Amino acid sequence: MMPDTDYDSLLAQAKGLFEGEHDKIANAANLTALVYNAIPGLNWVGFYFFDGKELVLGPFQGKPACIRIALNKGVCGTAAATRRVQRVDDVHTFDGHIACDADSNSELVVPLVRHGELVGVWDVDSPLLARFTAKDEAGMQALCSLFLESYK
């Protein structure tokens, strides 16, 4: 069992990183590094940004990743198309899963929607089955909300 993540502390740290900085890519890069290094049991953390047609890889931590993901394809594309969080205990049972990293077994994807527009998704992977809890989901959503408020 994973140690409980202190999302209040992570939110405070993210807020400090974002303070006075309004560049989307800079803030995305810092958030991925913060989360990747603070939360145990992760093997990939990052962003895919929507370019109006598909999701395109943004700042991340982990092994090289798929560069483009179509809407409705895989966990990320499903989260983007439905605008619903996808928390998947076993990605190998997810219909249409895209295996960018064969070591990933569970995944949490938060759609990023700002002013009613799809910005992209926040994707977190783990080599552990059922790594993500409802608390992780809520914590990641809070981090994403803070990120979406941080840039112009």
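What you are looking at is a predicted structure, and each value in this text was computed from that prediction instead of being measured.
Residues M140 and Y7 come closest through the heavy atom pair CE-OH, 3.6 Å. Minimum heavy-atom separation, P111 to A79: CB-O, 3.5 Å. Across all their heavy atoms, G46 and T32 have their closest contact at CA-CG2, 3.6 Å.
A cation-pi contact, defined as under 6.0 Å to the ring centre and within 45° of the axis, is absent between K24 and F147.
Side chains of L112 and F50 form no contact here, defined as non-hydrogen atoms less than 4.5 Å apart. Two residues are said to be in side-chain contact when any heavy atoms from C-beta on lie closer than 4.5 Å; K15 and L146 meet this criterion. The closest side-chain heavy-atom distance from L57 to F47 is not below 4.5 Å. Taking the side chain as every heavy atom from C-beta outward, F132 and V124 approach each other to under 4.5 Å. Taking the side chain as every heavy atom from C-beta outward, F60 and W44 approach each other to under 4.5 Å. The side-chain heavy atoms of R68 and D51, taken from C-beta on, include a pair separated by under 4.5 Å.
A continuous path of Ile, Leu, Val, Met, Phe, Trp and Tyr side chains, each step under 4.5 Å between heavy atoms, connects L34 with L108, placing both in one hydrophobic cluster. Cluster annotation: V85 and V119 are assigned to the same hydrophobic cluster (Ile/Leu/Val/Met/Phe/Trp/Tyr, side-chain heavy-atom contacts under 4.5 Å, transitive). Hydrophobic clustering of Ile, Leu, Val, Met, Phe, Trp and Tyr side chains at less than 4.5 Å, counting indirect connections, unites V91 with Y48. There is a path of hydrophobic side-chain contacts, each under 4.5 Å, that joins L10 to Y36.
With values rounded to the nearest 0.5 angstrom, N72 atom CG is found 13.0 Å from E54 atom CD. Taken to the nearest 0.5 Å, the CG atom of L148 stands 11.5 Å off from the CD atom of Q141. Rounded to the nearest 0.5 angstrom, E107 CD and L42 CG are separated by 11.5 Å. Here L55 contributes atom CG and C66 contributes atom SG; the two are 11.0 Å apart, rounded to the nearest 0.5 Å. Atom CG of N27 is separated from atom CG of N30 by 7.0 Å, given to the nearest 0.5 angstrom.
For S106, the side-chain hydrogen bond (donor to acceptor under 3.5 Å, both in side chains) criterion is met by no residue, not counting sequence neighbours. Evaluation of the salt bridge (charged side-chain N to carboxylate O under 4.0 Å, His left out) rule for R83 yields no partner, not counting sequence neighbours.
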field: Check against side chain to side chain contact (heavy atoms under 4.5 Å, CB included), I25 and F49
entry: CA-CA 10 Å; I25 300 302; F49 292 119; 3.9 Å; yes

- Item | Pair V35-L143, side chain to side chain contact (heavy atoms under 4.5 Å, CB included): steps then yes or no | CA-CA 9 Å; V35 170; L143 286 166; 3.9 Å; yes

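Between Y151 and F18, the ring centre distance reaches or exceeds 6.0 Å.
Under a 3.5 Å cut-off, the side chain of N105 and the backbone N or O of P127 do form a donor-acceptor pair. Panel note: side chain S9, backbone D6; no donor-acceptor pair is recorded below 3.5 Å. Counting only distance, with no hydrogens or angles, the side chain of K63 and the backbone of D103 share no donor-acceptor pair below 3.5 Å. No donor-acceptor pair closer than 3.5 Å links the side chain of D123 to the backbone N or O of V109.
A donor and an acceptor atom, one from each side chain of D90 and T93, are nowhere located under 3.5 Å apart. Looking at T133 and E137, their side chains never bring a donor and an acceptor atom within 3.5 Å of each other.
Salt-bridge check for D136 with R131: passed, with a basic side-chain N closer than 4.0 Å to an acidic carboxylate O.
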